[in-house]
Each structure stands twice: as C-alpha cells, then as structure tokens.
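FYI, side chains are in, hydrogens and waters are out, and symmetry mates aren't considered; it's all heavy atoms of this structure.
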Amino acid sequence: MARLDSLIRISQLGALQACTFDTFLPDGHGLTPVRQRNLRMAYNQAWQYAQNPQGWLLLKGGYGCGKTHLAAAIANHRLNMGHPVLFVSVPDLLDHLRAAYAPNAATGYDERFEQMRTAPLLILDDLGAQSNTEWAQEKLYQIFNYRYNTRMPTIITTNQELEAIEIRIQSRMVDPALVQIIHITAPDFRRSGGDQEQSDLSTLNLHRDQTFETFDLRQGELPRAQAENLRRAFETAQEFAAHPQDWLVFSSVGFGNGKTHLAAAIANQVARQGEPVLFVMVPDLLDHLRATFNPNSHTRLDKRFDEVKTAPLLVLDDLGTESATAWAREKLYQLFNYRYNARLATVITTAVPIDELDPRLAARMLDGSRCTFFSLEVPSYRGGIKTRRTRQRRT
C-alpha cells in the first residue's frame, strides 16, 4: 500500500477520475461508420488491456480523439482493483525528476527515478509535448529502455508521428513483438463531425464509375478456375471495403484484369460513407513529392509526405511501374514502413512479380498477419471475344 500511495501522489489521475470506461463514448459523436468501428475497436482493445496488462499499448491520434480518456480509464480500472499505477504526462514526469534535485526535495532523485522506471504499470501521456533537451531525451530513453528490456506493462499516448520521436525510443515503440499500436482516427470530440474532404492528391474522381455494381465477373466467359478466382477477389474486396483494416494487395501478371477496378470500388464505397480516401498511382505520387522541391511550390515535402503516410485509407495503384531511383525506393520504403507499423488501412495493386519488387516492400506485403495478398489469375479484359458488357474499360 505504501508503494501505491506513493505512486498516486505523483500521478495525475486526480483530475481524470471521471475518465472511465463507463463515461467513454465508444461510438463518438456523429462519426461515419468506419470511424465508429475504429473508435469501438480502440475501446475494446483498451478494455482488454485493462483486464490483464501485458506488453506495451501505444494510443496514437489527434487532439481530443479520446486517447487520454482511454489511458486514464485503464489506470482507474487498475487502481479500483488495488493495483499500483503511475499515470503522468511526459512533461510533468520530467519536471518531477528535475524537482528531485532541489536541496529540500522530500524525495531524492534516485528514488524518484526508480519509482518511475519500475512502476508496475506506467502510463506516459502526451509523449512529444516535452521540451527535447539532451537531458530530457536521455532520461526518457533510460526509462523506455529499462521497461523495454524488462517487458514491463507500459501505455503511451501521442499525437506525434512516430518518425518525429527520438530514434532510440521510436525503435522500441514499433517492436511488434511487444507493442500494440492503436491509431485512433476519430476527430476532436469537442468539435462537431462533418463530411471529410478528399485529398487533392487523390485521383479517385477519375475512377468514380468503377464500383462493385459495375464490376464484371465475366460469367460464362472464363474457365471455371479463373471464374472462381475472380469471384473470390471480388468478395475479398467487398469484405475489405466493409471493414478497412490492415493491408490488401491485388497482384497479377500483366494489366487489364480488374485489380484497379476492385481497388477503386473499395475506395468509392468508403468515400461514399464520408471517409477520407487517398487513391493515387505510385508514379504520380512520387511526382507529387518531387514537385515540392520546386521553389514555387506552396507545399513542403514533409507536409505532403505526412498527408500520404497518415491517410486513413490509402490506395496505391500500379506499384512497380515507377522509376526505381534510390530516392524513390527510399520514399516508398518510408511510406510502407510507417503504415505497416501503424497498421493503417492500405490497398496496393501491382502487375510486377513480388520477387522483382524492393525486398523491404515485399516483406511487408507478404506478412500474412497484417496483409491479405491476392493473386488474380485471369487474363486481361482486352482482346479476344468480348460481350457487349465487357467492352467497358478495365484496368
């Protein structure tokens, strides 16, 4: 009990006692169905973690999306069960350590640092809001490294992009063997909802006619095995559109067999629900990024790249047709790696054999725990005998 009381004294839960699972709104205010599912998923995973804290939980999202409420709900739940918890914002944690140097401090620095480093459950709120002095970075690294090596339960909330976090800490936060990352896409609870504008990078408007309703399953045209393959691709796309989560890759040998139509159908269905979607061909994406180097560009590279990296649903069409310069390969790897670690919904189409792609990209696309890799085994819609219906343009 003495340890529990000591942690409560330096914890900030006093102002957050009302933040419980009962007072959280898992369906939000006026959210679209996709964002409702995302917030409900975050709520359910936080609740499960509260029952038996194991490993690390990273809650990431914008201001007011509910991540601090969920972290505090876990803390309050554990405290009500009699388990010690330290809940503290990162800037205040560092202030507590600095204050321990004072001659009249009730608790010495070593004791205070040990309390924080070894708390049975440590919740670090608002990582990235601190002043990043060398001393602050070193103290945080020592805490993160100790808890990483000892696998101690830890919860982190942040509105920062992971790549903006100090590299030594970042490397520990993205270890999938220890860390569960929850990206909350809900907007600020304190603001009203509304339709989301589509990115000006997106070319989805050029594919607005490519929906599930207009997709041709080519019945009576294909051999049975190929017809079954196309039907399963169609159903896989529909399932993903209903619940966009993790990655979906449509691969084929050659072009014109429907993979872009399926990717566009997913994007159009999600967009009709009011969700933001970024649909872009990979060569065009790289051109947009290169254009930011123009002195007359009104958009910085980092801002444009962050827009792509963090898109709630990103559709990358025609991977492998880009000019494979070293710069292009590095940008694509950074993009893939970020979305892989953050588990952001991503659809990829490619006509290039997987073993001819950058191995770093291929490794993430072939990870069956996070990506559904579907090979389309049907010939092009173009050429041969066609019915009136199959004369529609397909890519």
Check your understanding: Is I143 reachable from W135 through a run of I, L, V, M, F, W or Y residues, each pair having side-chain heavy atoms under 4.5 Å apart?
Key -> yes
**Study point:** Side-chain donor or acceptor of S375 paired with backbone N/O of S251 under 3.5 Å
**Key:** no
**Study point:** Test item: side-chain donor near acceptor, D317 and T260, under 3.5 Å
**Key:** yes
Check your understanding: Okay, side chain of N38, backbone of H183: is any donor-acceptor separation there less than 3.5 Å?
Key -> yes
Point to revise | Sidechain-backbone polar pair: T292 side chain, R300 backbone, donor-acceptor under 3.5 Å | key: no
Review point. Is T154 reaching over with its side chain to a backbone N or O of M152, donor-acceptor style, under 3.5 angstrom?
Key: yes
Point to revise | All salt bridge (charged side-chain N to carboxylate O under 4.0 Å, His left out) counterparts of D367, not counting sequence neighbours | key: none
Review point. Can you check whether G128's main-chain N or O pairs, donor with acceptor, with Q130's side chain at less than 3.5 Å?
Key: yes
Review point. Among F215, F255, F234, whose ring-ring contact (aromatic ring centres under 6.0 Å, His included) with H261 holds?
Key: F215
Review point. Any ion pair linking K303 and E307 (charged N to carboxylate O, less than 4.0 Å)?
Key: no
Practice item. Flag the pair I266 / L248 as yes when at least one side-chain heavy-atom distance between them is below 4.5 Å, and no otherwise. Key: yes
Point to revise | Donor-acceptor contact below 3.5 Å, side chain T158 vs main chain L127 | key: yes
Exercise for review: With the side chain counted from C-beta on, respond yes when V88 and I123 share a heavy-atom pair under 4.5 Å apart, and no when they do not.
Suggested key: no
Review point. Do other residues, nucleotides or ligands put more than 12 heavy atoms under 6.0 Å from the CZ atom of R40?
Key: yes
Review point. By side-chain contact (heavy atoms from CB on, under 4.5 Å), which residues pair with E166, not counting sequence neighbours?
Key: Q137, R168, I169
**Study point:** Check: L57 and I181 side chains under 4.5 Å, non-hydrogen atoms
**Key:** no
Review point. So if you build clusters from Ile, Leu, Val, Met, Phe, Trp, Tyr with side-chain heavy-atom gaps below 4.5 Å, do I167 and I165 land together?
Key: no
Practice item. Return the orientation label for the F21 and W47 ring planes: parallel under 30°, perpendicular over 60°, tilted otherwise. Key: perpendicular
Point to revise | Pi-cation contact, F144 with R172 (under 6.0 Å, within 45°) | key: no
Check your understanding: Step by step, would you call R112 with H96 a side-chain hydrogen bond (donor to acceptor under 3.5 Å, both in side chains)?
Key -> CA-CA 8 Å; R112 179 66 82 208; H96 281 303; 4.9 Å; no
**Study point:** N-O pairing of D246 and R370 below 4.0 Å
**Key:** no
**Study point:** 4.5 Å side-chain heavy-atom contact, F374 and K259
**Key:** no
Exercise for review: Using a 4.5 Å cut-off on heavy atoms from C-beta on, say whether the side chain of R272 contacts that of T211.
Suggested key: yes
**Study point:** Side-chain heavy-atom pair D175, Y148 within 4.5 angstrom cut-off
**Key:** yes
Practice item. Would you confirm whether R339, through its side chain, and V308, through its main-chain N or O, come within 3.5 Å as a donor-acceptor pair? Key: yes
Check your understanding: Distance-only, no hydrogens or angles: does the R208 side chain make a donor-acceptor pair with backbone N or O of N268 under 3.5 Å?
Key -> no
Review point. Side chains of E161 and Y338: do they bring a donor and an acceptor to under 3.5 Å?
Key: yes
Point to revise | Steps toward side-chain hydrogen bond (donor to acceptor under 3.5 Å, both in side chains) verdict (D27, Y43) | key: CA-CA 9 Å; D27 294 319; Y43 173 88; over 6 Å; no
Check your understanding: Hey, mind stepping through R364 and N337 against side-chain hydrogen bond (donor to acceptor under 3.5 Å, both in side chains) and telling me if it holds?
Key -> CA-CA 8 Å; R364 284 150 181 77; N337 194 52; 2.9 Å; yes
Review point. W247 and F336: aromatic ring centres closer than 6.0 Å?
Key: yes
Check your understanding: Do V249 and M281 belong to the same hydrophobic cluster, where Ile, Leu, Val, Met, Phe, Trp and Tyr are linked whenever their side-chain heavy atoms lie under 4.5 Å apart, directly or via other members?
Key -> no
Practice item. Evaluate the side-chain proximity of L319 to L357: yes if any heavy-atom separation is below 4.5 Å, no if none is. Key: yes
Check your understanding: Is there a side-chain contact between R290 and D287, using heavy atoms and a 4.5 Å cut-off?
Key -> yes
Check your understanding: In terms of side-chain geometry, is the basic nitrogen of E134 or K139 positioned less than 4.0 Å from the acidic oxygen of its partner?
Key -> no
Practice item. Decide whether T20 and N76 meet the rule of one side-chain donor and one side-chain acceptor closer than 3.5 Å. Key: no
**Study point:** Electrostatic pair R218:D216 at N-O distance under 4.0 angstrom
**Key:** no
Check your understanding: Relative to the ring of Y109, is the ring of Y101 parallel (under 30°), tilted (30 to 60°) or perpendicular (over 60°)?
Key -> parallel
Review point. Partners of K309 by salt bridge (charged side-chain N to carboxylate O under 4.0 Å, His left out), sequence neighbours excluded?
Key: E163, D306
Review point. V253, I354: one ILVMFWY side-chain cluster at the under-4.5 Å cut-off?
Key: no
Exercise for review: Using atom types as modelled and distance alone, determine if a side-chain donor or acceptor of D125 lies under 3.5 Å from a backbone N or O of T68.
Suggested key: no
Check your understanding: Within the distance-only criterion (no hydrogens, no angle test), does the side chain of T203 pair as donor or acceptor with the backbone N or O of L206 below 3.5 angstrom?
Key -> no
